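Input: a single structure, listed below in structure tokens.
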Amino acid sequence: MSDPAITPALIKQHGLTPEEYERIQGILGREPNYTELGIFSVMWSEHCSYKNSRPLLKTFPTKSPKILVGAGEENAGIIDIGDGLAIAFKIESHNHPSAVEPFQGAATGVGGIIRDIFTMGARPVCSIDSLRFGELTSPEVRRLFSGVVAGIAHYGNCFGIPTVAGEVYFDKSYEGNPLVNAFCLGVLRHEQIARGAAKGIGNPVFYVGPATGRDGLAGAAFASQDLTEESAEQQRGAVQVGDPFMEKLVMEACLELLATDAVAGIQDMGAAGLTCSTCETAARAGTGIEIDLAKVPQRAPNMTPYEIMLSESQERMLIIVHKGREAEVKRIFDKWDLPWAEVGTVTDTGRMMVKNRGELVADIPAKKLADEAPIYQREAREPEYLKAVRAFTLAGVADTQDAAGNLKTLLGWPTIASKNWVYRQYDHMVRDGSVVCPGSDAAVIRIKADSLPQDGEGKSATVDKYIAMKVDCNAVYVYLDPYEGAKTVVAEAARNLACSGATPLGSTDNLNYGNPHNPEIFWQLRESVRGLAEACRAFNAPVTGGNVSLYNQNPNGPIDPTPTVAMVGLIDKLEHVTTQWFKDEGDAILLLGDVVDRNDPMLGLGGSAYLQRVHALKTGTPPRCDLDREKELHLALRSLIYSGVVKSAHDCSDGGLAVALAECCISQQIARETPRLLGAEIDLSAFTGVRLDALLFGETQSRVVISVSAVQAAKVLAQAKILGVPAAVLGKTGGTALNIKANEGTLSCDLRELHDLWWNAIARAMA
Amino acid sequence: MNFAVLQFPASNCDQDAVHVLRNVLGHSARLLWHKETSLGNADAVIVPGGFSYGDYLRTGAIARFSPVMQAVQAFAAKGGPVLGICNGFQILCEAGLLPGALIRNRSLQFRCEHVFVKAATANSPFTSQIPDGKVLRIPIAHGEGCYFADAETIARLKAQNQILWQYADAQGELTDVANPNGSVENIAGICNESRNVAGLMPHPERASEGLLGSADGRLIFESLIHALESKSVAKAA
Amino acid sequence: MKAKIIITPKKAVLDPQGKTVQNALEHMGYGGISAVHVGKYLEIEVSGDKETVRKQIDEACHKFLSNPVIEDYKFELD
Amino acid sequence: MKAKIIITPKKAVLDPQGKTVQNALEHMGYGGISAVHVGKYLEIEVSGDKETVRKQIDEACHKFLSNPVIEDYKFELD
Ligand SMILES: Nc1ncnc2c1ncn2[C@@H]1O[C@H](COP(=O)(O)OP(=O)(O)O)[C@@H](O)[C@H]1O
Ligand SMILES: [Mg+2]
């Protein structure tokens, strides 16, 4: 079978523009052959090269004294957590593959991000996931949702990594464009950091893991175009199938091998598989690499060089070994019954040379291929729809007549309802470190000796550490105001950490948007990156890496701009770990922050869950987040937590104060079918002159509900005052109902009913 | 005491078991690779949870043919105590060391959550230290934990007091809603006729420290340690 | 040659998957369905003398590929 | 009548389960095995006119019982 001729049509089919093709000719000094064309097309896809987004990514804060490996340097960033320990973490999307095959698409997304983490030499210890779908009333959406959740569960559970937190949103804009962002965090000692560099001329290059098949051919390129019936059909031909069992073995073997010092460089084969791993490792080391495809284990007969180079078969790694240490690779991979093959060597040519049975099938300067993809400054234009959004006022929206009914509507809305239908399918406790499981604001895990790459047997004992994390993104806010909305995304993640007692260490983001060639979409991207960067700076949570997923649109339109942010923080002492539910009868309930932002003409109702669900309006300027005030709030909250008085802390987010209070009353789950319900008597009559719906359901930023023992209430108010944060006593805990009294009306709900609506909403929608 | 914690390809609760035995309970515990043919100086064997061989074909079906399982068979035959947790329970059933089988949860979904478990008898090396009437709060995490055996076997298990743990509600009632997977008789764990081999689906190693929300699982390990120390189980060496 | 093996849950064993598939089919409007059973299908490509292979496969089914506590098996060679 | 449905992973698609079972069989000493595929088997008891049933089962296989992205199916009625 001979390779097709390079025609303009073929070039276009590979997603390359005529200018890009010229650039390729310039780099090679000749026409590329078919295999080379394929190699350039995947490496220069948005997914691998960030050609449309790189200028924006440069604006993120990426430095802090604690950062050991920064954004863009390697497969994941690494942050110092003290005592010689460090964490590696990153988020990545698998949106398009999940749209084509939800179960395997999501599963391989989890597998891919886990590989990114152990490639750094770290032991993956937990993962989190951020998911978005259309509305559950559609059977097709239910199929995607249940498939994605089952796929994540399948991979994570079998691999043995706890999935400890996440978020799920349901909105029409994701219908046909589901978002699956997976995050993984790993632990290592400073000296255990591994590098993805092909160092040492003459060193042998090993391929380890299962044989290469035709799966996921050119998946990176597929992810870099709109999702159409044709593009999906192409990809269906060879869906990637995940094998978590294999990955667990590959990881254990790699960590065991890394402990021997035999490894000069290591990189996973993720997007763009063998292509990306060879040219990137060579580019990082400033070396060349030569491989022979005939030596690459192959699953399917008669695979062409093009197919082998572009395959995205899962669970494969490329390892560069110090010459003379080959036997160790063989010993360890044989112990784990894993396939391996020596496929090439590191050279001094600076070129990526690919041979197949003696014939040279690709010869490309590695650095130019990996690092010199074209960069585009796309045109940006403020979207038309924002005019109407800004013009919208509350004038035509009548205040609520049925606050209790509204609360029930909101708690039963799948976006706000408990996500237990999801996280009970995930093993969230394996590894014996889940101190705060899903169901509170941020998850908290304990790092202990066996969190390290090697068991720790015989090694010096480590101190236990507590790491908190959460992923957030209210994409409706971002849609309604990309800059301000993006700030609140980061603020919410940071607030969730603060509620758990943690101080941010860093963050990782996943930019999910529509087609960047549309100036309005590029504007959304640009403006929201501006907001993210500013907020990450404010909270001292530099970005250590992330992922860009553009082209999330189908013929029905683009998704809402969705920059998900996963933030990771540290908790010094176990006593500081705080959960969101009320603890004891008779405790005082306080609000830290202003009950309502009176400077906001929308009173916090713009873009709110309340307007969406009760009034079917997805509009209005979303609530602003004043980063300075938000930061003061977090500082104050943490210092109160450190002083030992805070029994529970829960931030106000979707659904506002009433939903937050209800969640404080109903969200503690003791065991299967055994919630612990603790009521509250709330009096808001001190807050006059505010519409009842804004008071109860407005989403004014920078607010946290805490509970303290009654005798401490006055002291806490005084302390808050000193710390410069508004605070008020709202009421006290007790009873079996949530009762709220305000000037404009009252609300009274039985907790059993609220709990049932909230806990079972998704299960009912899926039945 | 010396514990051997078996390690199959894709065991993933092996380190958790070692952690609890070693760091929480202060005993010696080591991982034993599935290709080993001897248990060394082990006083007791833990077959840990996880997804040995990816749970492909059937849970536990492949692991039970590992070389180490022959040694476990011999150890158990001599009266040595063996405890299987989750996947370990499945492996022991597949190996014929325990009767019955574990099939797909009734919900067809994987379930991870805390459940209440009641010891049905104190008469075993795995339950002797559980106070009468105490309801343990322990997590489960499995997709195939529905215990099944034919009516005859169930009758025998009951007659011989081999049912060790049952899913219950907070009050200790064996209700249907308390049963997370559809197990017959709410069975969460059983032992063999000679009472030295036991298996259970819940994870006591995940409930052995207060900071993880419950320390009730320790009672199971402490029962075993008590039995070993008082030599009420054979020291098979 | 190919061994085609069918493994089915024993009658007495709860088959929640079969029940769920049946309900779903009914929901989708397929009528006249009185029972659904879900089992496994294995295809093994194997070479050797037919009678030896038959014995081997039977043994593998009995000892390993099925669990006699909950499953029945049958197979054919071709 | 009975519809007997066999669902197998597509040839081009990775079959980790089949591969693992193959390795296990080899480890146990079964020789001559060149491939193992693991799929699903469904038995549906259904009444009605044979041709209508055939159409229904085919549709159900395509739309629901198999995942056409990664699986093939075949069935017979008897
Ligand atoms: N996909 C998921 N996977 C795991 N946990 C989840 C998922 N979605 C939500 N959760 C958990 O449910 C709880 C509520 O989530 P969310 O509504 O996003 O909280 P918040 O409003 O505080 O950000 C959190 O503990 C979160 O980690
Ligand atoms: Mg929160």
Side-chain angles (χ1 to χ4, degrees), chain C residues 1-11 15 17-66 71-78, chain D residues 1-11 15 17-67 71-77:
Chain C
M1 111 198 69
K2 253 188 203 160
K4 298 177 172 181
I5 305 167
I6 286 175
I7 299 168
T8 42
K10 277 205 154 73
K11 282 275 144 25
D15 177 13
Q17 215 178 343
K19 198 75 206 145
T20 306
V21 171
Q22 181 176 348
N23 288 343
L25 286 171
E26 281 163 9
H27 237 97
M28 296 165 97
Y30 296 101
I33 296 175
S34 54
V36 178
H37 302 285
V38 180
K40 266 180 270 193
Y41 173 76
L42 278 89
E43 218 171 77
I44 302 186
E45 279 173 48
V46 52
S47 60
D49 159 67
K50 194 151 181 170
E51 269 327 293
T52 322
V53 167
R54 183 182 305 283
K55 263 177 60 200
Q56 286 195 337
I57 294 287
D58 191 50
E59 187 191 270
C61 282
H62 188 74
K63 266 182 35 186
F64 168 53
L65 298 173
S66 78
E71 293 165 334
D72 293 322
Y73 70 89
K74 60 179 186 233
F75 70 95
E76 56 189 45
L77 292 179
D78 69 23
Chain D
M1 112 196 68
K2 251 189 204 160
K4 297 176 172 182
I5 306 167
I6 285 175
I7 299 170
T8 44
K10 274 203 161 76
K11 278 275 153 4
D15 177 12
Q17 190 160 207
K19 190 79 201 141
T20 307
V21 171
Q22 182 180 344
N23 290 344
L25 285 168
E26 281 163 10
H27 257 103
M28 292 172 183
Y30 293 101
I33 295 176
S34 54
V36 177
H37 301 286
V38 180
K40 261 182 275 185
Y41 173 76
L42 277 92
E43 220 172 75
I44 302 186
E45 279 174 51
V46 53
S47 60
D49 159 66
K50 192 150 183 173
E51 269 328 291
T52 323
V53 167
R54 183 182 304 282
K55 274 213 336 252
Q56 287 195 336
I57 295 287
D58 190 51
E59 189 190 86
C61 281
H62 188 74
K63 277 187 14 193
F64 168 62
L65 299 173
S66 82
N67 178 349
E71 294 168 332
D72 292 323
Y73 68 89
K74 59 180 187 233
F75 69 94
E76 56 190 44
L77 293 178

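In what follows, chains carry the letters A, B, and so on, assigned in the order in which the sequence lines appear, proteins first and then strands, with residues in each chain numbered from 1. All values reported here derive from a predicted model rather than from experimental measurement.
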State whether the number of non-hydrogen atoms from other residues, nucleotides or ligands found under 6.0 Å of K19(D) atom NZ is greater than 12. no
Could you go through the side-chain contact (heavy atoms from CB on, under 4.5 Å) check for I44(C) and V21(D) one step at a time? CA-CA 10 Å; I44(C) 302 186; V21(D) 171; 5.8 Å; no
Chain C shares the most heavy-atom pairs under 4.5 Å, among L65(D), V46(D), T8(D), I7(D), with V46(D)
Roughly how far, to the nearest 0.5 Å, is the NE2 atom of H27(C) from the CZ atom of F64(D)? 11.0 Å
Engaged part of I5(C) at the chain D interface, taking heavy atoms whose separation is under 4.5 Å: neither
Nearest-0.5 Å distance, CG of residue L42(D) to CD of residue Q22(C): 11.5 Å
Of all of A24(D), G32(D), A3(D), G18(D), which one pairs up most often with chain C through heavy atoms under 4.5 Å apart? G32(D)
Could you look at I6(C) and say if it's the side chain, the backbone, both or neither that has a heavy atom under 4.5 Å from chain D? side chain
NZ/K63(D) to CG/L25(C) distance, rounded to the nearest 0.5 angstrom? 10.5 Å
Pull out the residues in residues 48-62 of chain D that come under 4.5 Å of chain C, heavy atom to heavy atom, sorted by number. Q56(D), E59(D), A60(D)
